[in-house]
Structure formats: structure tokens, C-alpha cells
Amino acid sequence: MDPTRTMHRVLQNFAIITIMTTCLPTSSYAKNKPDYPRADIKVSYNYHKKFLRGSDGVVEKNVPFILLSNKNQSKFYCPGTEFKDSLLSTPSGRAKEKEIFNAAAAAYVENRDRSAMDAVVYHTRIYVTKDFVNSTSVTYDEAGMGECGYYSEPFDEICWQIIDDKNKTILNYECIMATADYHGRKWTVWFAPEIPVNDGPWKFCGLPGLIMEAVEPSGQHSFIATGIEASNQTIYPIFSNKYDKMKRKDMLKAERNYRDNSNSMIKASIGLDLGDDAPAQTEYDFLETDYRQL
């Protein structure tokens with residue numbers, strides 16, 4: 001497939017290019033603006049997840065993500081997370097973030113509407129950057145109570161099996177099915193050979209076409225492409241410096257411990273009594289579950 005013709009089609013179908021970096025004026029990166037790399041393509045994904053949240057029981061949430069990709073590198077991130085991190089990266093931004101948070105908290109106290117806080121809290125801390133020259137990715141995520149970590153991995157940890165006779169149309173692109181067992185879950189993905197981008201949501205990559213959809217059989221996690229456009233958007237580094245280098249499974253174990261014992265940990269830390277911890281649950285788990293293996 002001719003890459004020029006394919007990208008021309010992307011331009012025709014998605015003519016309006018949204019430049020998210022205009023939302024990051026307070027960042028030191030934006031002020032000093034070195035010559036950062038730019039994307040060739042921008043893909044929007046919806047990450048749908050199910051999880052247990054205290055007395056609320058099973059909660060379902062949709063989190064928007066963006067993939068900015070070129071032939072050498074890519075970045076997968078939540079725009080709301082990057083915006084919050086960009087504000088917190090400078091003194092003036094921190095003042096603005098505090099003002100926004102206080103206004104949202106006041107609205108919540110007045111109306112008891114949980115949605116008032118949606119725009120000012122973290123719904124995810126995940127970033128994934130990929131280096132196609134060295135075939136490695138770096139993942140940033142939560143690692144327990146107030147802690148965040150990062151680690152690198154080689155691409156070849158994902159071993160795909162392509163199912164040529166399984167086809168599906170997504171966003172008007174003919175897609176082919178592939179499967180992989182990866183870090184405790186079996187994933188089924190659909191990739192579009194017509195879009196010659198060796199990339200996809202989260203850590204997924206390594207197929208001859210853009211990965212448009214990824215699902216696992218429990219229904220707890222899925223990534224589905226919602227839009228594609230040609231783009232020259234700047235691929236900024238991670239704004240936050242609060243991610244410490246850690247081991248992948250150690251991060252997952254620390255986050256599991258916090259999820260299962262959060263009330264006790266909060267009481268020990270700041271004295272706030274939120275009641276007893278709920279019994280440990282493993283039915284609803286993270287994107288990766290192999291941290292439970294010995």
C-alpha cells in the first residue's frame with residue numbers, strides 16, 4: 001500500500017487538525033520551546049474500563065486518549081492528564097490549577113454533583129512512549145498511594161498471531177484480527193493495513209498497520225479508535241517529574257496494595273478515618289495481571 005496515498009486519504013477524511021498543545025501555555029516546555037519532534041498522525045481512542053470503587057461497587061468509566069506517532073517515536077496519553085501535569089510543572093500553572101480545583105470543589109459542595117470534580121482530578125496517570133529506532137517502550141503509571149513510577153520494555157514481549165480470515169470495518173477502514181497473550185491477559189486486536197503505522201493504543205505495536213481496537217475477554221478493558229487525522233502536532237516530553245524508575249511488577253503490586261488497603265493507609269498517613277478496608281478483590285484487576293504470579 002502506497003503510504004502517500006493512504007495519508008492523503010486520512011487528510012481528506014479528517015481535514016480539521018486539532019492542536020492540543022494550545023491548551024498548554026503555562027508549561028516551561030511551551031515557553032522555551034526546543035525543537036521537539038512532531039507527529040505524522042494523530043489517533044483518538046476511547047479507553048473503557050470497569051473497576052471496583054468502595055461502596056459504589058462496579059464502576060464503568062470512559063477515558064479519552066491520544067496517540068501521536070511518527071516513524072521514529074510515539075506518545076500515548078490522556079489529554080486531561082497532560083493538561084493537569086503541564087499546569088503543575090510551573091509556579092504560575094500551580095496557582096491556576098489550585099484556582100480551578102477550588103472552584104470545582106465549591107461547586108461539588110454546593111450541588112453534590114460528582115461530575116463537578118471530573119475535570120480537575122486524575123482519571124489516569126498512564127503515559128506510554130515508544131522508540132521505534134530501538135524497539136522499546138516506556139510506561140508511566142501509578143504505583144501506590146501518591147506514588148508514580150516508570151519502566152522500559154522491549155517490543156518483542158508482545159508476540160502476535162495474525163488471523164487473516166477475520167475482518168472488521170472500523171472508521172471505514174478494513175481491519176484484520178490478531179491475538180496475543182500479554183502479561184496475564186489474552187488480547188484481541190484489529191489493525192488496518194491501509195494505514196502503514198506500526199503502532200496502536202497503550203503498549204500495543206508491531207503489526208503491519210495501525211491498531212484500531214483492542215479488547216480482552218473479561219470486558220474490563222478495551223481501547224477503540226474514535227478518530228484519525230494527519231497531524232504535525234508537537235510530541236512533548238512528559239511534563240511531570242514525579243515518576244520514579246521502578247520495576248513493572250513492583251509498581252503493580254504497590255498499586256494493588258493501595259487499592260485493597262487504601263482506608264488504612266490514609267488513616268495512618270493523615271488520620272482521616274474512612275472506615276474499614278473492603279475485602280481484597282482480584283476479579284476486577286489492572287490491564288496486566290501477571291504480578292500475582294510467583
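Reckoned from all heavy atoms, side chains included, excluding hydrogens, waters and symmetry mates.
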(message) Checking the side chain of Ser135 only, and the main-chain atoms of Phe155 only, is there a donor and an acceptor separated by less than 3.5 Å?
(response) no
(message) Less than 4.5 Å apart, side chain to side chain, heavy atoms only: is that true for Tyr182 and Glu157?
(response) yes
(message) Would the distance check show the side chain of Ser240 and the main-chain N or O of Asp85 forming a donor-acceptor pair, the cut-off being under 3.5 Å?
(response) no
(message) For a quick test of reading the model, state the closest non-hydrogen atom pair linking Tyr291 to Arg256 and the distance between them.
(response) OH-CD, 2.9 Å
(request) Answer whether the closest heavy-atom distance between the side chains of Arg125 and Glu255 falls below 4.5 Å. (result) no
(request) Would you indicate whether the side-chain heavy atoms of Ser44 and Ile66 approach each other to under 4.5 Å? (result) yes
(message) Would you say His221 and Tyr47 are linked by a side-chain donor-acceptor pair, where the criterion is simply a distance under 3.5 Å?
(response) yes
(request) May I have the step-by-step check of side chain to side chain contact (heavy atoms under 4.5 Å, CB included) for Arg248 and Asp290, ending in yes or no? (result) CA-CA 10 Å; Arg248 180 180 67 87; Asp290 59 338; 2.7 Å; yes
(request) Please report the shortest heavy-atom distance between Asp199 and Cys205, naming the atom on each side. (result) CA-CB, 4.0 Å
(message) Please report the interatomic distance OG(Ser86) to CD(Glu97), rounded to the nearest 0.5 Å.
(response) 10.0 Å
(message) Using the rule that Ile, Leu, Val, Met, Phe, Trp and Tyr join whenever any side-chain heavy atoms are under 4.5 Å apart, tell me whether Leu207 and Ile170 fall into a single cluster.
(response) yes
(request) Determine whether more than 12 heavy atoms belonging to other residues, nucleotides or ligands lie under 6.0 Å from atom NZ of Lys166. (result) no
(message) Assess the residue pair Tyr173 and Trp190 against the criterion (side chain to side chain contact (heavy atoms under 4.5 Å, CB included)); give the C-alpha distance rounded to whole Å, side-chain angles, the decisive distance to 0.1 Å, and a yes or no.
(response) CA-CA 10 Å; Tyr173 289 95; Trp190 298 88; over 6 Å; no
(message) Rounded to the nearest 0.5 Å, what separates atom CD in Gln73 from atom CD1 in Ile235?
(response) 5.0 Å
(request) Determine, step by step, whether Cys78 and Tyr122 satisfy the side chain to side chain contact (heavy atoms under 4.5 Å, CB included) criterion, reporting the C-alpha distance in whole Å, the side-chain angles of both residues, the deciding distance to 0.1 Å, and the verdict. (result) CA-CA 10 Å; Cys78 172; Tyr122 284 111; over 6 Å; no
(message) On a heavy-atom basis, which atom in Gln233 and which in Ser231 lie closest, and how many Å separate them?
(response) N-OG, 3.0 Å
(message) Within the supplied structure, the quantity of interest is the number of heavy atoms (other residues, nucleotides, ligands) at a distance under 6.0 Å from Lys61 NZ; does it exceed 12?
(response) yes
(message) Just verifying a value: how many Å separate Lys49 NZ and Phe286 CZ, rounded to the nearest 0.5 Å?
(response) 10.0 Å
(message) For Ala214 versus Val189, what's the shortest heavy-atom pair and its separation?
(response) CB-CG1, 3.7 Å
(request) Applying side-chain contact (heavy atoms from CB on, under 4.5 Å) between Ile195 and each of Val43, Ile211, Ile228, Leu171, report the one that passes. (result) Ile228
(message) Do Leu67 and Leu210 make a side-chain contact, defined as non-hydrogen atoms from C-beta onward lying under 4.5 Å apart?
(response) yes
(request) Return the minimal non-hydrogen interatomic distance between Ser222 and Val215, and the atom names on each side. (result) CB-CG1, 3.8 Å
(request) If the plane angle is over 60° it's perpendicular, under 30° parallel, otherwise tilted; pick one for Phe65 and Phe76. (result) parallel
(message) With a 4.5 Å cut-off on side-chain heavy atoms, are Leu287 and Phe223 touching?
(response) yes
(message) Please report the interatomic distance CG(Leu88) to CZ(Phe83), rounded to the nearest 0.5 Å.
(response) 10.0 Å
(message) Counting C-beta onward and ignoring hydrogens, is there a side-chain heavy-atom pair between Ser74 and Phe132 closer than 4.5 Å?
(response) yes
(message) When you group the ILVMFWY residues by side-chain heavy-atom contacts below 4.5 Å and let the links chain together, are Val197 and Trp160 in the same group?
(response) yes
(message) Please say yes or no: joined through hydrophobic side-chain contacts below 4.5 Å, possibly via intermediate residues, are Met246 and Tyr151 part of one cluster?
(response) yes
(request) Nearest 0.5 Å please: distance from the OG atom of Ser137 over to the CH2 atom of Trp202. (result) 9.5 Å
(message) Evaluate Glu60 against His48 for side chain to side chain contact (heavy atoms under 4.5 Å, CB included), listing each step before the verdict.
(response) CA-CA 7 Å; Glu60 298 191 38; His48 183 76; 2.8 Å; yes
(request) Please examine the side chains of Pro37 and Asn72, heavy atoms only from C-beta on, and report whether any two atoms are closer than 4.5 Å. (result) no
(request) Give a yes or no answer on whether the side chain of Asn70 reaches the backbone of Arg38 with a donor-acceptor pair at less than 3.5 Å. (result) yes
(request) Mind checking salt bridge (charged side-chain N to carboxylate O under 4.0 Å, His left out) for Lys75 and listing every partner two or more places apart, or none if nothing turns up? (result) Glu82
(request) Check the pair Lys203 / Glu288 against salt bridge (charged side-chain N to carboxylate O under 4.0 Å, His left out), numbers first and verdict last. (result) CA-CA 11 Å; Lys203 301 179 181 182; Glu288 298 162 298; 2.7 Å; yes
(request) Return the orientation label for the Tyr140 and Tyr127 ring planes: parallel under 30°, perpendicular over 60°, tilted otherwise. (result) perpendicular
(message) Atom CD of residue position Glu99 - does it have more than 12 heavy atoms of other residues, nucleotides or ligands inside 6.0 Å?
(response) no
(request) Look at the side chain of Asn198 and the backbone N and O of Gly206, then say whether any donor-acceptor pair between them is shorter than 3.5 Å. (result) yes
(request) Please report the closest heavy-atom contact between Lys84 and Val120, naming both atoms and the distance. (result) NZ-O, 2.8 Å
(request) Could you tell me the separation between the CG atom of Asp244 and the CD atom of Glu147, rounded to the nearest 0.5 Å? (result) 6.5 Å
(message) Quick check on Phe51: does its CZ atom have over 12 non-hydrogen neighbours (other residues, nucleotides or ligands) under 6.0 Å away?
(response) yes
(request) With sequence neighbours left out, write down each residue that passes salt bridge (charged side-chain N to carboxylate O under 4.0 Å, His left out) with Arg185, or none if nothing qualifies. (result) Glu216
(message) Let me check something: do Met212 and Ile163 share a hydrophobic cluster, defined by ILVMFWY side-chain heavy atoms less than 4.5 Å apart, either directly or through other members?
(response) yes
(request) Compare all side-chain heavy atoms of Val128 with those of Val138 and state whether any distance is below 4.5 angstrom. (result) no
(request) Measure up the Tyr236 and Phe239 rings against each other and bin them: parallel (under 30°), tilted (30 to 60°), perpendicular (over 60°). (result) tilted
(message) Check for me, please, whether Tyr77 and Met251 land in the same ILVMFWY cluster - side-chain distances under 4.5 Å, paths through other members count.
(response) no
